[in-house]
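Beneath this line is the structure, given in C-alpha coordinates, with notes to follow.
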There are 2 protein chains.
Amino acid sequence: MQEKHEKPSVTVDIVIFTIKENNLQVLLVKRGIEPFKNQWAIPGGFVKIDESLEEAAKRELQEETGVKDVYLEQLYTFGSPKRDPRGRVITVSYIALVNSSDINLKASTDVSDAQWFAVSDIPIIAFDHKEILQYALKRLKWKFEYTTVAFSLLPKEFTISQIQKLYEIVFNKEFDKRNFAKKILSLNILKEEGINHEVSHRPPMLYSLKNNIGEIIEIL
Amino acid sequence: MQEKHEKPSVTVDIVIFTIKENNLQVLLVKRGIEPFKNQWAIPGGFVKIDESLEEAAKRELQEETGVKDVYLEQLYTFGSPKRDPRGRVITVSYIALVNSSDINLKASTDVSDAQWFAVSDIPIIAFDHKEILQYALKRLKWKFEYTTVAFSLLPKEFTISQIQKLYEIVFNKEFDKRNFAKKILSLNILKEEGINHEVSHRPPMLYSLKNNIGEIIEIL
DNA sequence: ACAAAAGTGTTGTTCCTACACCCATGA
DNA sequence: TCATGGGTGTAGGAACAACACTTTTGT
(Lines give C-alpha, C1' and ligand atoms only; values in the text may rest on other atoms or scores of the structure.)
Protein backbone atom coordinates (compact mmCIF):
# COMPACT_ATOMS: atom_id res chain seq x y z
CA MET A 1 0.00 0.00 0.00
CA GLN A 2 2.89 2.36 0.62
CA GLU A 3 3.97 2.19 -3.01
CA LYS A 4 0.64 2.43 -4.76
CA HIS A 5 0.17 6.17 -4.17
CA GLU A 6 2.35 9.12 -4.86
CA LYS A 7 2.53 10.86 -1.52
CA PRO A 8 2.23 14.55 -0.71
CA SER A 9 4.68 16.32 1.58
CA VAL A 10 3.26 17.43 4.91
CA THR A 11 4.30 20.56 6.78
CA VAL A 12 3.16 22.39 9.87
CA ASP A 13 2.78 26.17 9.88
CA ILE A 14 2.39 28.06 13.11
CA VAL A 15 0.66 31.38 13.49
CA ILE A 16 2.39 32.77 16.55
CA PHE A 17 0.52 35.57 18.28
CA THR A 18 1.74 37.86 20.99
CA ILE A 19 0.78 41.15 22.57
CA LYS A 20 3.45 43.81 22.17
CA GLU A 21 3.25 47.56 22.39
CA ASN A 22 -0.49 47.45 22.94
CA ASN A 23 -0.95 45.54 19.70
CA LEU A 24 -1.79 42.05 18.66
CA GLN A 25 1.23 40.89 16.69
CA VAL A 26 2.18 37.90 14.58
CA LEU A 27 5.61 36.46 13.97
CA LEU A 28 6.69 36.21 10.34
CA VAL A 29 9.97 34.96 8.94
CA LYS A 30 11.76 36.10 5.86
CA ARG A 31 12.28 33.14 3.57
CA GLY A 32 15.93 32.37 2.85
CA ILE A 33 15.24 29.99 -0.03
CA GLU A 34 13.05 29.69 -3.11
CA PRO A 35 10.17 29.77 -3.72
CA PHE A 36 9.15 33.20 -2.48
CA LYS A 37 12.75 33.89 -1.45
CA ASN A 38 13.00 37.10 0.61
CA GLN A 39 9.26 37.27 1.14
CA TRP A 40 7.70 37.11 4.58
CA ALA A 41 5.94 33.89 5.57
CA ILE A 42 4.36 32.16 8.51
CA PRO A 43 7.00 30.01 10.20
CA GLY A 44 6.78 26.27 9.65
CA GLY A 45 8.52 23.21 8.34
CA PHE A 46 8.25 19.57 7.36
CA VAL A 47 6.80 16.97 9.67
CA LYS A 48 9.32 14.27 10.44
CA ILE A 49 8.29 10.74 9.77
CA ASP A 50 8.28 9.69 13.40
CA GLU A 51 6.92 12.76 15.15
CA SER A 52 3.29 13.69 15.69
CA LEU A 53 1.86 16.85 14.18
CA GLU A 54 1.79 18.56 17.53
CA GLU A 55 5.39 17.56 18.22
CA ALA A 56 6.36 19.02 14.87
CA ALA A 57 4.56 22.24 15.70
CA LYS A 58 6.22 22.45 19.11
CA ARG A 59 9.62 21.81 17.59
CA GLU A 60 9.18 24.53 14.98
CA LEU A 61 7.86 26.91 17.58
CA GLN A 62 10.87 26.36 19.75
CA GLU A 63 13.25 26.68 16.82
CA GLU A 64 11.75 30.06 15.95
CA THR A 65 11.12 31.60 19.34
CA GLY A 66 12.90 29.52 21.96
CA VAL A 67 9.69 29.13 23.95
CA LYS A 68 8.13 25.90 25.22
CA ASP A 69 4.95 25.18 27.09
CA VAL A 70 2.79 27.80 25.48
CA TYR A 71 -0.75 27.59 24.26
CA LEU A 72 -0.81 25.66 20.98
CA GLU A 73 -3.86 24.56 19.05
CA GLN A 74 -4.43 22.98 15.67
CA LEU A 75 -6.19 25.37 13.33
CA TYR A 76 -6.96 23.88 9.92
CA THR A 77 -5.34 21.80 7.22
CA PHE A 78 -4.77 23.45 3.89
CA GLY A 79 -4.28 21.11 0.97
CA SER A 80 -4.99 22.66 -2.37
CA PRO A 81 -2.76 20.87 -4.92
CA LYS A 82 -1.46 24.18 -6.24
CA ARG A 83 -0.67 25.94 -2.98
CA ASP A 84 3.07 25.27 -3.26
CA PRO A 85 4.76 25.65 -6.66
CA ARG A 86 7.35 22.99 -5.76
CA GLY A 87 4.78 20.20 -5.69
CA ARG A 88 2.07 18.77 -3.51
CA VAL A 89 2.41 20.11 0.02
CA ILE A 90 -0.31 19.78 2.58
CA THR A 91 0.09 22.00 5.61
CA VAL A 92 -1.44 21.52 9.02
CA SER A 93 -1.67 24.95 10.59
CA TYR A 94 -1.45 25.78 14.28
CA ILE A 95 -2.04 28.79 16.48
CA ALA A 96 0.35 29.60 19.31
CA LEU A 97 0.04 32.30 21.95
CA VAL A 98 3.29 33.44 23.45
CA ASN A 99 4.14 35.92 26.10
CA SER A 100 6.31 38.49 24.38
CA SER A 101 8.58 38.77 27.41
CA ASP A 102 9.51 35.07 27.09
CA ILE A 103 10.53 35.11 23.49
CA ASN A 104 13.96 34.99 22.06
CA LEU A 105 13.98 35.17 18.30
CA LYS A 106 16.50 33.02 16.48
CA ALA A 107 17.25 32.71 12.83
CA SER A 108 17.03 29.09 11.80
CA THR A 109 18.56 27.44 8.75
CA ASP A 110 16.14 28.51 6.05
CA VAL A 111 15.26 31.84 7.59
CA SER A 112 17.33 34.94 7.28
CA ASP A 113 15.18 37.07 9.55
CA ALA A 114 12.17 36.91 11.86
CA GLN A 115 10.02 39.84 12.91
CA TRP A 116 6.80 40.74 14.69
CA PHE A 117 4.05 42.46 12.72
CA ALA A 118 0.89 44.06 14.04
CA VAL A 119 -2.09 42.19 12.62
CA SER A 120 -3.41 45.48 11.34
CA ASP A 121 -0.26 45.91 9.29
CA ILE A 122 0.73 42.64 7.62
CA PRO A 123 2.92 42.77 4.52
CA ILE A 124 2.42 40.63 1.44
CA ILE A 125 3.12 37.06 2.47
CA ALA A 126 4.11 33.86 0.68
CA PHE A 127 1.96 30.90 -0.46
CA ASP A 128 -1.62 30.93 0.85
CA HIS A 129 -0.43 32.31 4.16
CA LYS A 130 -2.73 35.28 4.04
CA GLU A 131 -5.69 32.95 4.11
CA ILE A 132 -4.18 31.00 6.99
CA LEU A 133 -3.63 34.17 8.93
CA GLN A 134 -7.18 35.38 8.40
CA TYR A 135 -8.49 32.07 9.56
CA ALA A 136 -6.22 32.20 12.61
CA LEU A 137 -7.46 35.63 13.58
CA LYS A 138 -11.05 34.56 13.37
CA ARG A 139 -10.35 31.55 15.54
CA LEU A 140 -8.36 33.62 18.02
CA LYS A 141 -11.23 36.00 18.55
CA TRP A 142 -13.62 33.16 18.98
CA LYS A 143 -11.33 31.56 21.55
CA PHE A 144 -11.07 34.81 23.47
CA GLU A 145 -14.82 35.13 23.54
CA TYR A 146 -15.60 31.60 24.70
CA THR A 147 -12.56 30.22 26.51
CA THR A 148 -9.84 31.19 28.93
CA VAL A 149 -6.98 31.15 26.40
CA ALA A 150 -6.43 34.85 26.95
CA PHE A 151 -4.92 34.17 30.35
CA SER A 152 -2.04 32.31 28.72
CA LEU A 153 -0.82 35.70 27.52
CA LEU A 154 -0.63 37.09 31.04
CA PRO A 155 1.81 36.43 33.87
CA LYS A 156 0.65 34.05 36.60
CA GLU A 157 -0.67 36.92 38.66
CA PHE A 158 -2.48 39.77 36.99
CA THR A 159 -5.02 42.52 37.57
CA ILE A 160 -8.49 42.86 36.16
CA SER A 161 -7.44 45.79 34.08
CA GLN A 162 -4.64 43.77 32.47
CA ILE A 163 -7.24 41.26 31.30
CA GLN A 164 -9.45 44.04 30.07
CA LYS A 165 -6.61 45.62 28.06
CA LEU A 166 -5.94 42.26 26.42
CA TYR A 167 -9.54 41.93 25.33
CA GLU A 168 -9.64 45.51 24.15
CA ILE A 169 -6.60 44.90 21.97
CA VAL A 170 -7.87 41.66 20.46
CA PHE A 171 -11.38 42.96 19.79
CA ASN A 172 -10.13 46.43 18.93
CA LYS A 173 -12.89 47.94 21.03
CA GLU A 174 -13.32 49.39 24.51
CA PHE A 175 -15.28 47.79 27.30
CA ASP A 176 -16.91 49.40 30.29
CA LYS A 177 -14.67 48.88 33.32
CA ARG A 178 -17.47 48.10 35.77
CA ASN A 179 -19.31 45.69 33.52
CA PHE A 180 -16.11 43.97 32.51
CA ALA A 181 -14.98 43.38 36.08
CA LYS A 182 -18.45 42.22 37.07
CA LYS A 183 -18.54 39.71 34.22
CA ILE A 184 -15.07 38.28 34.75
CA LEU A 185 -15.49 37.97 38.50
CA SER A 186 -18.92 36.39 38.16
CA LEU A 187 -17.38 33.55 36.14
CA ASN A 188 -15.74 32.28 39.29
CA ILE A 189 -12.52 31.37 37.53
CA LEU A 190 -10.18 33.70 39.41
CA LYS A 191 -8.47 33.36 42.76
CA GLU A 192 -7.39 36.39 44.77
CA GLU A 193 -3.64 36.48 45.28
CA GLY A 194 -3.21 39.58 47.40
CA ILE A 195 -2.45 43.17 46.65
CA ASN A 196 0.33 44.51 44.49
CA HIS A 197 2.01 47.38 46.32
CA GLU A 198 4.64 48.05 43.69
CA VAL A 199 2.67 50.69 41.83
CA SER A 200 2.51 54.42 42.23
CA HIS A 201 -1.25 54.67 42.60
CA ARG A 202 -3.96 52.82 44.41
CA PRO A 203 -2.63 49.24 44.69
CA PRO A 204 -4.67 46.70 42.72
CA MET A 205 -5.80 43.21 43.64
CA LEU A 206 -3.85 40.47 41.92
CA TYR A 207 -5.62 37.40 40.65
CA SER A 208 -4.58 34.04 39.23
CA LEU A 209 -6.58 31.64 37.13
CA LYS A 210 -7.98 28.76 39.15
CA ASN A 211 -6.86 25.39 37.89
CA ASN A 212 -9.39 22.85 36.70
CA ILE A 213 -11.27 25.38 34.62
CA GLY A 214 -13.13 23.63 31.81
CA GLU A 215 -12.53 24.51 28.21
CA ILE A 216 -15.50 26.44 26.92
CA ILE A 217 -17.27 28.87 29.16
CA GLU A 218 -18.42 32.03 27.37
CA ILE A 219 -16.42 34.93 28.66
CA LEU A 220 -18.06 37.88 26.96
CA MET B 1 13.37 19.07 -1.33
CA GLN B 2 11.05 16.29 -2.43
CA GLU B 3 13.67 13.65 -1.75
CA LYS B 4 15.11 14.84 1.54
CA HIS B 5 12.15 13.73 3.66
CA GLU B 6 10.40 10.42 3.98
CA LYS B 7 6.78 11.30 3.40
CA PRO B 8 3.71 10.20 5.28
CA SER B 9 0.60 8.92 3.53
CA VAL B 10 -2.42 11.19 3.74
CA THR B 11 -6.01 10.01 3.94
CA VAL B 12 -9.38 11.62 4.45
CA ASP B 13 -11.95 10.07 6.78
CA ILE B 14 -15.53 11.22 6.74
CA VAL B 15 -17.91 11.02 9.65
CA ILE B 16 -21.25 10.84 7.87
CA PHE B 17 -24.23 11.73 10.02
CA THR B 18 -27.88 11.29 9.24
CA ILE B 19 -31.19 11.24 11.07
CA LYS B 20 -32.99 7.91 10.74
CA GLU B 21 -35.71 6.35 12.85
CA ASN B 22 -35.67 9.25 15.26
CA ASN B 23 -31.98 8.72 15.92
CA LEU B 24 -28.74 10.41 15.08
CA GLN B 25 -26.81 7.83 13.09
CA VAL B 26 -23.32 7.45 11.67
CA LEU B 27 -22.23 5.46 8.65
CA LEU B 28 -19.55 2.85 9.28
CA VAL B 29 -18.00 0.44 6.81
CA LYS B 30 -16.73 -3.05 7.44
CA ARG B 31 -13.11 -3.25 6.41
CA GLY B 32 -12.42 -5.77 3.68
CA ILE B 33 -8.64 -5.73 4.07
CA GLU B 34 -6.02 -5.76 6.79
CA PRO B 35 -5.33 -4.17 9.18
CA PHE B 36 -8.48 -4.43 11.27
CA LYS B 37 -10.04 -6.66 8.60
CA ASN B 38 -13.74 -7.25 9.31
CA GLN B 39 -13.89 -4.45 11.88
CA TRP B 40 -16.11 -1.43 11.48
CA ALA B 41 -14.44 1.86 10.57
CA ILE B 42 -15.22 5.39 9.51
CA PRO B 43 -15.22 5.52 5.71
CA GLY B 44 -12.25 7.17 4.04
CA GLY B 45 -9.38 6.72 1.67
CA PHE B 46 -6.15 8.10 0.29
CA VAL B 47 -5.88 11.60 -1.06
CA LYS B 48 -4.83 11.57 -4.70
CA ILE B 49 -1.82 13.61 -5.62
CA ASP B 50 -3.72 16.10 -7.72
CA GLU B 51 -6.96 16.55 -5.78
CA SER B 52 -7.62 18.89 -2.87
CA LEU B 53 -8.56 17.52 0.53
CA GLU B 54 -12.14 18.61 0.09
CA GLU B 55 -12.29 16.99 -3.34
CA ALA B 56 -10.99 13.78 -1.83
CA ALA B 57 -13.62 13.93 0.89
CA LYS B 58 -16.38 14.58 -1.64
CA ARG B 59 -15.19 11.72 -3.79
CA GLU B 60 -15.13 9.28 -0.89
CA LEU B 61 -18.50 10.47 0.27
CA GLN B 62 -20.00 9.86 -3.12
CA GLU B 63 -18.33 6.47 -3.41
CA GLU B 64 -19.88 5.41 -0.12
CA THR B 65 -23.30 6.98 -0.26
CA GLY B 66 -23.95 8.16 -3.78
CA VAL B 67 -24.77 11.65 -2.54
CA LYS B 68 -23.34 14.94 -3.71
CA ASP B 69 -23.86 18.51 -2.63
CA VAL B 70 -24.31 17.84 1.06
CA TYR B 71 -22.95 19.71 4.04
CA LEU B 72 -19.25 18.89 4.40
CA GLU B 73 -16.81 20.44 6.83
CA GLN B 74 -13.22 19.74 7.80
CA LEU B 75 -13.01 18.52 11.37
CA TYR B 76 -9.46 17.90 12.56
CA THR B 77 -6.23 16.29 11.39
CA PHE B 78 -5.01 13.27 13.28
CA GLY B 79 -1.34 12.47 12.88
CA SER B 80 0.07 10.37 15.66
CA PRO B 81 2.90 8.30 14.15
CA LYS B 82 1.46 5.09 15.57
CA ARG B 83 -2.18 5.48 14.59
CA ASP B 84 -1.89 3.08 11.65
CA PRO B 85 0.14 -0.13 12.06
CA ARG B 86 1.04 -0.11 8.35
CA GLY B 87 3.17 3.02 8.65
CA ARG B 88 2.84 6.75 8.90
CA VAL B 89 -0.65 7.81 7.90
CA ILE B 90 -2.00 11.26 8.60
CA THR B 91 -5.74 11.58 8.25
CA VAL B 92 -7.72 14.73 7.64
CA SER B 93 -11.19 14.10 9.04
CA TYR B 94 -14.43 15.61 7.76
CA ILE B 95 -18.03 15.75 8.93
CA ALA B 96 -20.87 15.30 6.44
CA LEU B 97 -24.59 15.66 7.04
CA VAL B 98 -26.78 13.70 4.66
CA ASN B 99 -30.46 13.38 4.30
CA SER B 100 -31.20 9.72 4.85
CA SER B 101 -33.78 9.69 2.07
CA ASP B 102 -31.10 10.67 -0.47
CA ILE B 103 -28.64 7.96 0.32
CA ASN B 104 -27.86 4.90 -1.62
CA LEU B 105 -25.25 2.73 0.05
CA LYS B 106 -22.74 1.06 -2.20
CA ALA B 107 -19.98 -1.33 -1.38
CA SER B 108 -16.73 0.02 -2.73
CA THR B 109 -13.57 -1.95 -3.47
CA ASP B 110 -12.08 -2.29 0.01
CA VAL B 111 -15.40 -2.39 1.84
CA SER B 112 -17.48 -5.49 2.18
CA ASP B 113 -20.38 -3.81 3.95
CA ALA B 114 -21.67 -0.41 5.07
CA GLN B 115 -24.22 0.23 7.76
CA TRP B 116 -25.81 2.99 9.83
CA PHE B 117 -25.30 2.96 13.60
CA ALA B 118 -27.04 5.08 16.19
CA VAL B 119 -24.44 7.25 17.92
CA SER B 120 -25.65 5.85 21.22
CA ASP B 121 -24.77 2.38 20.04
CA ILE B 122 -21.43 2.36 18.25
CA PRO B 123 -19.48 -0.91 18.03
CA ILE B 124 -15.74 -1.24 18.54
CA ILE B 125 -14.10 0.56 15.63
CA ALA B 126 -10.71 0.44 13.94
CA PHE B 127 -7.66 2.70 14.35
CA ASP B 128 -8.27 5.86 16.41
CA HIS B 129 -11.72 6.20 14.89
CA LYS B 130 -13.45 6.27 18.23
CA GLU B 131 -11.61 9.46 19.06
CA ILE B 132 -12.50 10.95 15.69
CA LEU B 133 -16.13 10.12 16.21
CA GLN B 134 -16.23 11.68 19.66
CA TYR B 135 -14.66 14.81 18.30
CA ALA B 136 -17.17 14.86 15.44
CA LEU B 137 -20.11 14.59 17.79
CA LYS B 138 -18.86 17.45 19.91
CA ARG B 139 -18.44 19.60 16.83
CA LEU B 140 -21.84 18.61 15.47
CA LYS B 141 -23.59 19.73 18.65
CA TRP B 142 -21.72 22.97 18.62
CA LYS B 143 -22.71 23.56 15.01
CA PHE B 144 -26.35 22.88 15.79
CA GLU B 145 -26.25 25.34 18.63
CA TYR B 146 -24.62 28.18 16.78
CA THR B 147 -25.27 27.77 13.07
CA THR B 148 -27.94 26.78 10.62
CA VAL B 149 -26.36 23.45 9.59
CA ALA B 150 -29.33 21.57 10.99
CA PHE B 151 -31.46 22.73 8.08
CA SER B 152 -29.30 20.75 5.68
CA LEU B 153 -30.85 17.61 7.17
CA LEU B 154 -34.37 18.73 6.32
CA PRO B 155 -36.20 18.90 2.98
CA LYS B 156 -36.45 22.34 1.36
CA GLU B 157 -39.78 22.98 3.02
CA PHE B 158 -40.33 21.92 6.59
CA THR B 159 -42.40 22.66 9.66
CA ILE B 160 -41.28 24.14 12.96
CA SER B 161 -41.88 20.85 14.68
CA GLN B 162 -39.59 19.04 12.26
CA ILE B 163 -36.79 21.39 13.25
CA GLN B 164 -37.59 20.90 16.88
CA LYS B 165 -37.48 17.11 16.56
CA LEU B 166 -34.08 17.36 14.92
CA TYR B 167 -32.72 19.42 17.81
CA GLU B 168 -34.29 17.11 20.33
CA ILE B 169 -32.58 14.13 18.72
CA VAL B 170 -29.17 15.74 18.51
CA PHE B 171 -29.24 17.15 22.04
CA ASN B 172 -31.12 14.15 23.38
CA LYS B 173 -33.39 16.45 25.32
CA GLU B 174 -36.86 17.95 24.94
CA PHE B 175 -37.60 21.59 24.33
CA ASP B 176 -40.72 23.58 25.12
CA LYS B 177 -42.75 23.95 21.94
CA ARG B 178 -43.74 27.58 22.52
CA ASN B 179 -40.27 28.77 23.47
CA PHE B 180 -38.67 26.85 20.63
CA ALA B 181 -40.97 28.31 17.99
CA LYS B 182 -40.56 31.79 19.43
CA LYS B 183 -36.77 31.48 19.32
CA ILE B 184 -36.52 30.09 15.81
CA LEU B 185 -38.98 32.56 14.35
CA SER B 186 -37.33 35.51 16.10
CA LEU B 187 -34.07 34.73 14.28
CA ASN B 188 -35.63 35.90 11.06
CA ILE B 189 -34.05 33.18 8.99
CA LEU B 190 -37.23 31.47 7.79
CA LYS B 191 -39.57 32.27 4.94
CA GLU B 192 -43.20 31.15 5.00
CA GLU B 193 -43.98 28.81 2.11
CA GLY B 194 -47.68 28.15 2.61
CA ILE B 195 -49.66 25.50 4.34
CA ASN B 196 -49.25 21.76 4.01
CA HIS B 197 -52.70 20.22 3.58
CA GLU B 198 -51.48 16.65 3.18
CA VAL B 199 -51.76 15.73 6.83
CA SER B 200 -54.59 14.25 8.79
CA HIS B 201 -54.68 16.88 11.49
CA ARG B 202 -54.47 20.63 11.68
CA PRO B 203 -52.33 21.60 8.66
CA PRO B 204 -48.99 23.22 9.58
CA MET B 205 -47.20 26.18 8.06
CA LEU B 206 -44.26 25.20 5.87
CA TYR B 207 -41.06 27.22 6.01
CA SER B 208 -37.86 27.36 4.02
CA LEU B 209 -34.50 28.75 5.03
CA LYS B 210 -33.86 32.21 3.61
CA ASN B 211 -30.75 32.37 1.49
CA ASN B 212 -27.90 34.67 2.42
CA ILE B 213 -27.93 33.63 6.03
CA GLY B 214 -24.54 34.24 7.62
CA GLU B 215 -22.59 31.43 9.19
CA ILE B 216 -22.70 31.85 12.94
CA ILE B 217 -25.80 33.08 14.61
CA GLU B 218 -26.56 31.39 17.92
CA ILE B 219 -29.68 29.31 17.52
CA LEU B 220 -30.30 28.06 21.05
C1' DA C 1 -66.90 12.45 18.63
C1' DC C 2 -62.32 11.71 18.81
C1' DA C 3 -57.36 11.62 17.84
C1' DA C 4 -53.38 14.14 16.41
C1' DA C 5 -50.54 17.68 15.95
C1' DA C 6 -50.55 23.00 15.32
C1' DG C 7 -50.59 27.24 17.19
C1' DT C 8 -50.30 30.76 20.63
C1' DG C 9 -49.26 34.69 25.60
C1' DT C 10 -48.04 35.93 30.14
C1' DT C 11 -45.30 36.28 34.14
C1' DG C 12 -41.27 36.14 36.94
C1' DT C 13 -36.33 35.89 36.75
C1' DT C 14 -32.00 36.61 35.11
C1' DC C 15 -28.70 38.89 32.38
C1' DC C 16 -27.04 42.93 29.91
C1' DT C 17 -26.10 47.76 29.23
C1' DA C 18 -25.38 52.37 30.23
C1' DC C 19 -23.61 55.43 33.24
C1' DA C 20 -20.06 58.65 37.31
C1' DC C 21 -17.85 59.11 41.39
C1' DC C 22 -14.66 58.23 45.27
C1' DC C 23 -10.29 55.75 46.86
C1' DA C 24 -5.40 54.70 47.85
C1' DT C 25 -1.04 55.50 46.78
C1' DG C 26 3.62 57.72 45.28
C1' DA C 27 5.66 61.72 43.71
C1' DT D 1 -2.00 68.47 46.35
C1' DC D 2 -1.94 66.28 42.31
C1' DA D 3 -1.75 62.55 39.00
C1' DT D 4 -2.65 57.82 38.26
C1' DG D 5 -5.16 54.00 37.83
C1' DG D 6 -8.35 51.00 41.15
C1' DG D 7 -12.64 49.99 42.68
C1' DT D 8 -17.61 50.06 43.05
C1' DG D 9 -23.83 50.22 42.40
C1' DT D 10 -28.15 51.01 40.24
C1' DA D 11 -31.91 51.27 37.11
C1' DG D 12 -34.15 50.09 32.73
C1' DG D 13 -34.60 46.91 29.11
C1' DA D 14 -33.96 42.44 26.78
C1' DA D 15 -33.86 37.71 26.71
C1' DC D 16 -35.12 33.44 28.92
C1' DA D 17 -37.76 29.69 31.33
C1' DA D 18 -41.83 27.87 32.93
C1' DC D 19 -46.32 27.05 32.20
C1' DA D 20 -51.88 24.92 29.38
C1' DC D 21 -55.39 25.52 26.49
C1' DT D 22 -57.73 26.10 21.98
C1' DT D 23 -57.72 25.17 16.86
C1' DT D 24 -58.02 22.59 12.64
C1' DT D 25 -58.25 18.76 10.23
C1' DG D 26 -59.17 13.54 8.92
C1' DT D 27 -61.32 9.46 10.34
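If you're wondering where the values come from, they're calculated on a predicted model, not measured in any experiment. Lettering of chains follows the sequences in order, A, B, ..., and the numbering in each one begins at 1.
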(request) Scan residues 149-174 of chain B against DNA chain C and write down, sorted by residue number, each residue with any heavy atom closer than 4.0 Å; if none is found, say none. (result)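 Under 4.0 Å from DNA chain C: B:Ser161.
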
Protein-nucleotides 24-27 of chain D N/O pairs closer than 3.5 Å?
unit_1 : atom_1 : unit_2   : atom_2 : d
D:dT24 : O2     : B:Arg202 : N      : 2.9

(request) Using the side chain to side chain donor-acceptor pair (under 3.5 Å) rule, collect all pairs that involve residues 197-207 of chain A, keeping only residues at least two apart or in two chains. (result) none

(request) Can you tell me which residue pairs pass the side chain to side chain donor-acceptor pair (under 3.5 Å) test with a partner in residues 131-142 of chain A, sequence neighbours excluded? (result)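 Qualifying pairs, neighbours excluded: A:Glu73-A:Arg139.
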
(message) Quick check against the 3.5 Å criterion: does B:Lys130 have a side-chain atom that pairs as donor or acceptor with the backbone of B:Ile124?
(response) no

(message) Show every salt bridge (charged side-chain N to carboxylate O under 4.0 Å, His left out) that has at least one partner inside residues 150-162 of chain B, sequence neighbours left out.
(response)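 Sorted pair list comes back empty.
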
(message) Determine whether the aromatic ring centres of residues A:Phe151 and A:Phe158 are separated by less than 6.0 angstrom.
(response) yes

(message) At a heavy-atom distance below 4.0 Å, what parts of residues 178-194 of chain B sit against DNA chain D?
(response) B:Arg178, B:Asn179, B:Lys182, B:Lys183

(message) Which residues pass the side-chain hydrogen bond (donor to acceptor under 3.5 Å, both in side chains) test with A:Ser80, not counting sequence neighbours?
(response) none

(request) Using side-chain hydrogen bond (donor to acceptor under 3.5 Å, both in side chains) as the criterion, list what pairs up with A:Glu192, not counting sequence neighbours. (result)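 If we apply the side-chain hydrogen bond (donor to acceptor under 3.5 Å, both in side chains) test to A:Glu192, skipping adjacent residues, there are no hits.
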
(request) Check side-chain contact (heavy atoms from CB on, under 4.5 Å) between B:Ala57 and all other residues, then give those that pass, not counting sequence neighbours. (result)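 Scan of B:Ala57 (side-chain contact (heavy atoms from CB on, under 4.5 Å), adjacent residues dropped) gives B:Ile14, B:Leu72, B:Tyr94.
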
(message) Going by side-chain contact (heavy atoms from CB on, under 4.5 Å), name the residues that satisfy it together with A:Ser52, two or more places apart in sequence or in a different chain.
(response) A:Glu54, A:Glu55, B:Pro81

(request) Using heavy atoms to find the nearest nucleotide of DNA chain C for B:Pro204 and B:Asp176 separately, return the residue whose nucleotide is more 5′. (result) B:Pro204

(request) On DNA chain C, reading 5' to 3', which nucleotide is the first and which the last to sit with an atom under 4.0 Å from a heavy atom of chain B, could you check? (result) C:dA4 to C:dT10

Which pairs would a plain distance check flag for residues 167-184 of chain A, meaning a side-chain donor or acceptor within less than 3.5 Å of a matching protein atom at least two apart in sequence or in another chain?
unit_1   : atom_1 : unit_2   : atom_2 : d
A:Tyr167 : OH     : A:Phe144 : O      : 2.8
A:Glu168 : OE2    : A:Gln164 : NE2    : 3.0
A:Glu168 : OE2    : A:Phe175 : N      : 2.9
A:Asp176 : OD2    : A:Arg178 : N      : 3.1
A:Asp176 : OD2    : A:Asn179 : N      : 2.9
A:Asn179 : OD1    : A:Lys182 : NZ     : 3.3
A:Lys183 : NZ     : A:Ile219 : O      : 3.3
A:Lys183 : NZ     : A:Leu220 : O      : 3.3

